[in-house]
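Any value given below was found using the heavy atoms of this structure, including those in side chains, with hydrogens, waters and symmetry copies removed. These numbers come from a predicted model, not from an experiment.
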Protein chains: 2
Amino acid sequence: MSDAPVTLSQVAREAGVSLATASRAINGSATRSVREDLRERVLEAARRLAYSPDPSAQAMARGRTTALGLVVHDIADPYFSTIAAGVARAAERAGLIVTLASTEHSSARELAFVELARRQRSRAIILAGGRLEPEDGGASAGSEAPAGGGASAGGASGEPGADGGPGPGETGPADPPVGADGPSADGARPVPGALEAALNAFQEAGGGVALVGQPIGGLPVVEIANADGAADLARALHGLGYRWFAVLAGPDGHRTAADRTAGFTGALAELGSPVAPDDVLTCPFTRDGGYSAMGDLIKRAEAGRLPELVFAVNDVMAVGAMAAVRDAGLSVPDDVAVAGFDDIHTLRDVSPGLTTVRIPLAEVGELATELALGRAERTRTTVRGEVVLRDSTPPRPSATPADQS
Amino acid sequence: MSDAPVTLSQVAREAGVSLATASRAINGSATRSVREDLRERVLEAARRLAYSPDPSAQAMARGRTTALGLVVHDIADPYFSTIAAGVARAAERAGLIVTLASTEHSSARELAFVELARRQRSRAIILAGGRLEPEDGGASAGSEAPAGGGASAGGASGEPGADGGPGPGETGPADPPVGADGPSADGARPVPGALEAALNAFQEAGGGVALVGQPIGGLPVVEIANADGAADLARALHGLGYRWFAVLAGPDGHRTAADRTAGFTGALAELGSPVAPDDVLTCPFTRDGGYSAMGDLIKRAEAGRLPELVFAVNDVMAVGAMAAVRDAGLSVPDDVAVAGFDDIHTLRDVSPGLTTVRIPLAEVGELATELALGRAERTRTTVRGEVVLRDSTPPRPSATPADQS
DNA sequence: CTGTTAGCGCCTTCAG
DNA sequence: CTGAAGGCGCTAACAG
């Protein structure tokens, strides 16, 4: 029962052929075929011995792994875990092993993982996560202007070394080597552009790359139509009769947040219901961020009135905002309507149902995988969301009948 | 900029030492030291060249990878993604790369991944997920009775070859070999006990194993005190004055579900408020399962009355149940109180707040990692939950004052 | 303490 | 079309 790993040469011997032939029979070598009966014999022997190739050995011989790197900001976040599910599915289909990295929002870790992937010669890498502006100027518009500012360099430099000491256990002593827990973790100061450089290097080394969210340089990307989705949402809401909006806009420099905010306010401006600058609140991209920003809004409103509708740039924030409303003894949607973005599946049943923009996150993950593997036609795809109206934004009684699709 | 991977020998040359010395200096070999100045020189050279070891090569040479396999039922499920976050954190601390497998509930895939991990010589593997009874009899009680059944042969045999054609891109042609997308995917009929056997084989081959949830055989496990947690919950609820309970009990044969159900009903029986068999409803372990079971309950109750409180064996089901209540035009908690289990973070803000049993899922993931790495004292840990009372289960007016802690 | 020498398992030119 | 011979980058006995 405790069988030592079966090697290819064993299979070869068992089949009565040479190692080379066995190899060719099993992986269908590029430089053509093996006689049918031999191939049969080999396959049969492989099956009998329950042979399965050693990925490491293959990787060494071929100079390329069978691994697909997936790096996300936080795998516990439903946004990312849904994307991960899509990636996992597509990767399995492609016969790849996915290696997961959850950076916990540290751009230093993110960089380290990209470099690790290169070193490890991963087949491809997928980077999902809200790039911060300072990373690089290369938006879709003018690719100049590094867009200075943006003091928040992120958690950065995260725990240099981190050592990870041997620990009490009886695991082998030789554990984390010098630079183990993050290759060149030392040189990992979040230099602007470092990530792009690392990604380019990875690509030049023959790896596939796909970004999810916003582009970096000219790298392949599955873009999410954040601005368009938010604009659609704004129009729908306007159509329901809302006229006074506030936006919980996420942190400065967060591109996804900024795009959603811009799309929303832009569309409203066009409709003649511009959002006042004061009604655009900066806050963390999290549940707590939504909660506290909404709290501020309510506090501020104690003198006057509350906006009719608050748009939080993601569902998790929106749910936090709804909690703040409740905690203040007010009601959604009676005192204030709330809308979000993403349509996180786990939040489908919050009450009242949250109006939002549905992004097919799992598909996004699958798409990104195809892209990274070079199996897609284009090198750039945009996924457009779909407005989903629910009870958190009922039609306003005073609504002028308008389009509502 | 497009630097080909730096090898150890380059570092050695740069530092003016032999390959072996460089290796020793960098990984701190078991058979002790290197002179301080030489080590310095090597490290310095490594840094200058931005060297970082090739995991595949190391794996080959050492006969052991630096990979930690994590297999979950569905990474999109918040329960698993939270555990995954803990695993990711602990793994990084230990300098390990985590390879993720989302089985989408196919036990054939689960088995295939365990075998892959063995073949790949992963350092350790963590299996999270509700084992189904039929897997094996080896609970804590009698370890006999293979408990046959288990017809679902799963997707199995998945697309032999899968070819994955060269594709348009410039990715290498040689792609998934014959048995690539799942080692011995052929022999993967969900034979009862096969998983345990595979796990044992993996362990005997020197890999670390940790289960999350329920034990299999005598393998290391982080158990979750499902029965105790549910019993605590039952007592707390009873203390609040509830007397008539129903349970959305999950599917037959699902151990986690069964344990929670048993703990809950057992405690109530002791308290003199036994749950009637009719009030224990079998249903899928999902949101929709909770929704439809609650729907049944409501339908059935149209003649008579509804139970005072419905306990769904996990939060996601509970949320589905709440949705069903709302959709029936009823209210939680006015018409019926609802409680869940897990305390999924993303659901913290549902309204009314859901009473539940908090399981520190991320910690569970970290613990499992320690365990799998042999860094824990014991080989078996139990994580106990904590009852969290929220608005979905307010005290009953007619309550007899009782303990409530 | 350091350097030399074999491989780990597999793929891939080279001959045959 | 098949077999024999190198080598991928690194570690782990062996000498020196």
_Rounded distance (Å) that lies between atom P of D:dG3 and atom CZ of A:R13_ = 14 Å
_Residue A:S23, side-chain heavy atoms: nucleotide from D:dC10, C:dT4, C:dT12 that is nearest_ = C:dT12
_Integer-rounded Å distance: D:dG9 P and B:L49 CG_ = 14 Å
*Flag the pair B:E44 and B:R41 as a salt bridge only when some basic side-chain nitrogen lies within less than 4.0 angstrom of an acidic carboxylate oxygen.*
no
_A:R119 and A:E115 ion-paired at < 4.0 Å_ = no
*Counting distance only, does the side-chain N/O of A:S102 pair as donor-acceptor with the main-chain N or O of A:I75 below 3.5 Å?*
yes
*Backbone N/O of B:I125 and side chain of B:S122: donor-acceptor pair under 3.5 Å*: no
*Answer with yes or no whether A:R121 presents, from its side chain, a donor or acceptor under 3.5 Å of a partner atom in the base of D:dG9.*
no
*Specify the closest pair of heavy atoms between A:L43 and A:A25, including all atoms of both residues, with the distance to one decimal.*
CD1-O, 4.0 Å
*Examine distances only and state if a side-chain atom of B:T99 and a backbone atom of A:V98 form a donor-acceptor pair shorter than 3.5 Å.*
no
*For D:dG9, does OP1 or OP2 lie under 4.0 Å from any side-chain N or O of B:Q58?*
no
*asked:* Between C1' on D:dT2 and CD on A:E36, what's the gap in Å once rounded to a whole number?
replied: 16 Å
*Which of the following nucleotides, D:dT11, C:dG9, D:dA12, is nearest to the side chain of B:L19?*
D:dT11
*Without swapping roles, check the side chain of A:T103 against the backbone of A:V72 for a donor-acceptor pair under 3.5 Å.*
yes
*Nearest to the side chain of B:S18, which nucleotide is it out of C:dC10, C:dG3, D:dA4?*
C:dG3
*Do the side chain of A:R24 and the base of D:dG3 come within less than 3.5 angstrom through a donor-acceptor pair of N or O atoms?*
yes
*From C:dT13, C:dG3, D:dT11, pick the nucleotide closest to the side chain of B:T21?*
C:dG3
_From C-beta outward on B:R119, which listed nucleotide comes closest to its side chain: C:dC10, D:dC10, D:dT11?_
C:dC10
*Among C:dG3, D:dC8, D:dG3, which is the nearest nucleotide to the side chain of B:A20?*
C:dG3
*Please tell me which of the listed nucleotides, D:dT11, C:dC11, D:dA12, lies nearest to the side chain of A:A61?*
C:dC11
*Nearest-neighbour nucleotide for the A:M60 side chain, C:dC10, D:dC8, D:dC10 considered*: D:dC8
*Taking for each residue the nucleotide of DNA chain C bearing the nearest heavy atom, is the 5' side occupied by A:L8 or by B:V17?*
B:V17
*5'-most contact on DNA chain C: B:L38 or A:D54, nearest heavy atom basis?*
B:L38
*Nearest-angstrom distance from the residue atom CZ of A:R64 to P of C:dT12*: 13 Å
*Would you confirm whether B:T65, through its side chain, and B:R121, through its main-chain N or O, come within 3.5 Å as a donor-acceptor pair?*
yes
*For the helix from C:dC1-D:dG16 to C:dG16-D:dC1, figure out the bend between the end axes, five pairs an end, and round to 10 degrees.*
40°
_Separation of atom CD in B:Q120 from atom C1' in C:dC10, rounded to whole Å_ = 15 Å
